[in-house]
Amino acid sequence: MLDPFTPMGLQTFRLLSSAFATAFGRPVKHLAAGASIYAESGMRVFIDLTPVLRDPFGRELPPRVMSVMEFRSKAIFTKLLDDPRLRPRGSASRSRLLTLAAALRTGAPQSAVRTMLRPDATRKRVLAELDRAIASVRIPETSAQRLDAYEQLILTFPPRFFPRLVGIVIPGVLSYAIAGRVLGGRARPGELQTVLRGLPYNPTTEMDLALWEIAHAAREDPASRDALRTRPPAELSAQYRAATLPPLLQREMTSFLQRYGHRAIAEIDLGVKRWSEDPAHLLGAIANYLRLGDQATAPDVQFAGGAREAEAMIKTLASRVHGPRRAILRFLLGRVRLLGGLREQPKFQIMRVFALGHALIAPVGGELVERGLLDSADDAFFLTLPDLRRAVAGEDLRAKVQESRAMYRREQGRRHVPRVLLSDGTDAETEIAAPTDGAIRGTPASPGIARGIAHVIRSPVGARLEPGEVLVAPSTDPGWTPLFLTAGALVMEMGGMMSHGAVVAREYGIPAVVGVVNATGRITTGDQVTVDGSAGTVALGEAAV
């Protein structure tokens with residue numbers, strides 16, 4: 001998340017840090033202030049990993065996690081391990097036992113074991129329990145009660161469900177890693193990643209394909225087709241909220257938003273509007289899909305083809321090993337197919353909780369406007385929880401809102417956000433030697449080679465991508481993925497093999513290279529580029545033709 005957070009978005013992460021610290025046996029005195037691991041800079045959320053890097057057992061974890069989630073940061077953390085200021089303290093054995101005990105307390109390991117043994121039953125049970133818990137939440141009558149309900153929601157739901165959601169993800173990731181070891185050097189670059197194409201149970205790809213289905217239905221309905229082609233997304237969104245869209249489009253959007261309306265661009269900021277409040281971005285994406293003519297390249301066709309390629313690749317890879325190894329490899333890759341798509345479930349489900357939190361805060365802002373204490377209902381998201389409690393008690397905080405909004409606008413213009421920031425203000429990445437040959441390299445994230453015109457997009461709001469264009473972005477979240485359906489390839493500054501953009505690109509069979517230094521600065525919209533998702537390279541100009 002490179003954008004700044006609203007103050008209420010920051011408040012939510014403070015509460016989350018307190019909630020998880022308590023779950024790990026480290027209760028926090030002032031819950032709204034956050035745990036010691038939480039840090040802020042430039043209205044952005046940071047995690048203070050100093051204690052982890054000083055821990056004799058845990059210090060190896062950040063580089064390992066970064067190697068698959070944010071590859072460019074791996075070198076930063078590897079270098080920091082040699083910093084004498086971060087030398088390990090205490091006993092590794094004691095730290096290992098404490099970490100294991102804390103992990104067991106969350107329930108994640110137990111969930112992982114159950115998922116490995118009974119993948120379908122465990123997945124269904126965990127998601128059904130969360131569905132029932134979310135359905136039981138009610139919006140209280142008074143603003144004071146709503147603020148209390150928001151606080152309790154964030155303090156109780158994520159620690160209760162997030163570890164179990166992570167538990168259903170871990171077996172798929174481990175199965176993939178172990179399968180690579182079983183194969184040894186028998187898999188060529190990109191072959192094992194092909195197994196990750198067209199995975200079931202991924203709510204983000206299911207969401208994108210559902211959006212594509214709306215476009216497909218609208219194409220056959222003259223009134224919906226004409227509306228999408230002639231009216232701007234903002235007007236369409238207003239008509240949706242007024243229930244005056246053409247009947248088919250109104251019905252399809254209502255059904256879609258019942259399932260996915262809790263999502264948004266920059267959705268981990270609780271202060272941003274959810275798609276259920278303003279679906280303009282989605283309606284713009286649907287209008288763009290109407291321009292895709294050749295059904296042979298339709299996203300649903302590509303997705304189904306990817307699933308077939310994945311199954312064929314499992315047979316190919318299994319034929320390269322013999323004896324017990326073949327049975328083990330088939331089992332592992334089978335678990336990858338069953339469980340790999342669950343990688344997106346924790347975020348998807350926790351965003352349902354965030355949307356509930358947003359719904360609890362929004363009416364508080366409306367009431368404060370009626371009382372003359374705020375100018376706009378959205379101003380509530382530019383205050384913290386203690387601020388809002390003071391406002392509900394009668395304090396006029398409009399001046400503080402103006403100050404927060406001014407700071408937010410200023411931070412929106414910040415072009416560089418450090419991945420890793422030291423406490424003295426140093427951007428740790430500046431200490432890492434940059435390549436000097438000028439080549440554009442990153443991490444291979446989705447195999448294949450694609451040639452096309454680059455389109456640099458720094459925000460998906462209102463963005464349109466011509467079919468086959470190469471999307472070049474600083475980072476992506478699920479709000480970006482409707483653009484993936486028309487993209488020919490993806491180049492991203494952030495990320496690793498298991499980061500969000502890489503996962504979705506693989507599922508659609510779009511070549512992707514992530515972790516590319518200053519990709520949005522070195523590549524210009526209109527450049528001819530060749531993206532090699534197996535080698536992790538991007539070629540410009542004549543080399544791309």
Side-chain angles (χ1 to χ4, degrees), residues 198 203-261 263-265 275-306 450 452-457 459-473 476-490 504-505 507-510 525-526:
T204 300
T205 52
E206 289 172 354
M207 175 188 78
D208 293 337
L209 292 174
L211 205 61
W212 165 256
E213 286 299 320
I214 296 177
H216 183 71
R219 189 191 300 271
E220 305 302 318
D221 178 62
S224 298
R225 184 178 64 242
D226 291 346
L228 288 163
R229 285 179 173 171
T230 60
R231 301 172 198 167
E235 181 181 338
L236 292 169
S237 177
Q239 290 177 333
Y240 170 77
R241 295 193 298 273
T244 58
L245 284 176
L248 179 139
L249 188 57
Q250 184 76 32
R251 184 174 64 251
E252 293 290 335
M253 287 301 298
T254 299
S255 176
F256 179 90
L257 291 171
Q258 285 175 347
R259 172 69 173 149
Y260 301 108
R263 310 217 79 168
I265 296 168
W275 283 339
S276 57
E277 298 174 274
D278 181 6
H281 176 64
L282 301 174
L283 289 159
I286 294 168
N288 201 36
Y289 295 163
L290 293 181
R291 302 162 68 201
L292 277 176
D294 183 5
Q295 291 301 302
T297 61
D300 52 347
V301 174
Q302 292 182 14
F303 187 82
I453 302 296
H455 192 153
V456 178
I457 298 177
S459 169
V461 179
R464 299 182 70 167
L465 199 67
E466 296 294 329
E469 285 187 328
V470 175
L471 172 60
V472 182
T476 62
D477 70 6
W480 285 76
T481 56
L483 293 172
F484 284 32
L485 296 188
T486 55
L490 171 69
V504 178
E507 293 219 18
Y508 291 140
I510 303 169
T525 295

**OP:** Without swapping roles, check the side chain of Y260 against the backbone of W275 for a donor-acceptor pair under 3.5 Å.
**Re:** no
Subject >> Smallest separation among heavy atoms of A487 and L465, with atom names >> reply: CB-CD2, 3.5 Å
Original post:
Side chain of T486, backbone of E466: donor and acceptor closer than 3.5 Å?
Top reply: no
Original post:
Atom CD in Q302, atom CD in E507: separation rounded to 0.5 Å?
Top reply: 13.0 Å
**OP:** For residues P246 and A223, report the shortest heavy-atom separation together with the two atoms involved.
**Re:** CG-O, 3.5 Å
**OP:** Compare every heavy atom of P482 with every heavy atom of P478, then report the nearest pair and how far apart it is.
**Re:** O-CD, 3.6 Å
Subject >> Steps toward side chain to side chain contact (heavy atoms under 4.5 Å, CB included) verdict (R231, L283) >> reply: CA-CA 10 Å; R231 301 172 198 167; L283 289 159; over 6 Å; no
Original post:
What heavy-atom pair brings V472 and A454 nearest, and what distance separates the two atoms?
Top reply: CG2-CB, 4.2 Å
**OP:** Please name the pair of heavy atoms, one in A280 and one in P233, separated by the smallest distance, quoted to 0.1 Å.
**Re:** O-CB, 3.3 Å
Original post:
In Å and rounded to the nearest 0.5 Å, what is the CG to CG distance from L228 to L290?
Top reply: 5.5 Å
**OP:** Mark yes or no for whether H281, through its side chain, and I265, through its backbone, hold a donor-acceptor pair below 3.5 Å.
**Re:** no
**OP:** Could you go through the side chain to side chain contact (heavy atoms under 4.5 Å, CB included) check for D300 and H216 one step at a time?
**Re:** CA-CA 10 Å; D300 52 347; H216 183 71; over 6 Å; no
Original post:
Heavy-atom distance under 4.5 Å between the side chains of L483 and P460, does that happen here?
Top reply: yes
Original post:
Rounded to the nearest 0.5 Å, how far does CG of L282 lie from CG of L211?
Top reply: 5.5 Å
Original post:
Which distance, rounded to the nearest 0.5 Å, do you find between the CG of L236 and the CD1 of I286?
Top reply: 9.0 Å
Subject >> Donor-acceptor under 3.5 Å (Q250 side chain, Y240 main chain) >> reply: yes
Original post:
Can you check whether T525 reaches I453 side chain to side chain, under 4.5 Å on heavy atoms?
Top reply: no
**OP:** Could you note down all residue pairs passing salt bridge (Lys or Arg N to Asp or Glu O under 4.0 Å) where residues 239-254 supplies at least one of them, sequence neighbours left out?
**Re:** R241-D278
Original post:
Atom CG in L209, atom CD1 in I214: separation rounded to 0.5 Å?
Top reply: 11.5 Å
**OP:** Show your reasoning for whether side chain to side chain contact (heavy atoms under 4.5 Å, CB included) applies to I457 and W480.
**Re:** CA-CA 10 Å; I457 298 177; W480 285 76; 3.7 Å; yes
**OP:** May I ask you to test the S459-V461 pair for a side-chain heavy-atom distance under 4.5 Å?
**Re:** yes
**OP:** Compute whether any side-chain donor of one residue and acceptor of the other, for T204 and R263, lie under 3.5 angstrom apart.
**Re:** yes
Original post:
Excluding sequence neighbours, so at least two apart, what forms side chain to side chain donor-acceptor pair (under 3.5 Å) with D477?
Top reply: none
Subject >> Stepwise side chain to side chain contact (heavy atoms under 4.5 Å, CB included) test for T481 and T476 >> reply: CA-CA 8 Å; T481 56; T476 62; 5.9 Å; no
Original post:
Can you list the residues that meet the side-chain contact (heavy atoms from CB on, under 4.5 Å) rule with A304, with sequence neighbours excluded?
Top reply: R308
Original post:
Nearest heavy-atom pair of L485 and Y289: which atoms, and what distance?
Top reply: CD1-OH, 3.2 Å
Subject >> Side chains of F484 and P299 in contact at under 4.5 Å (non-hydrogen atoms) >> reply: no
Original post:
So, Q239 side chain and L245 main chain: donor-acceptor pair closer than 3.5 Å or not?
Top reply: no
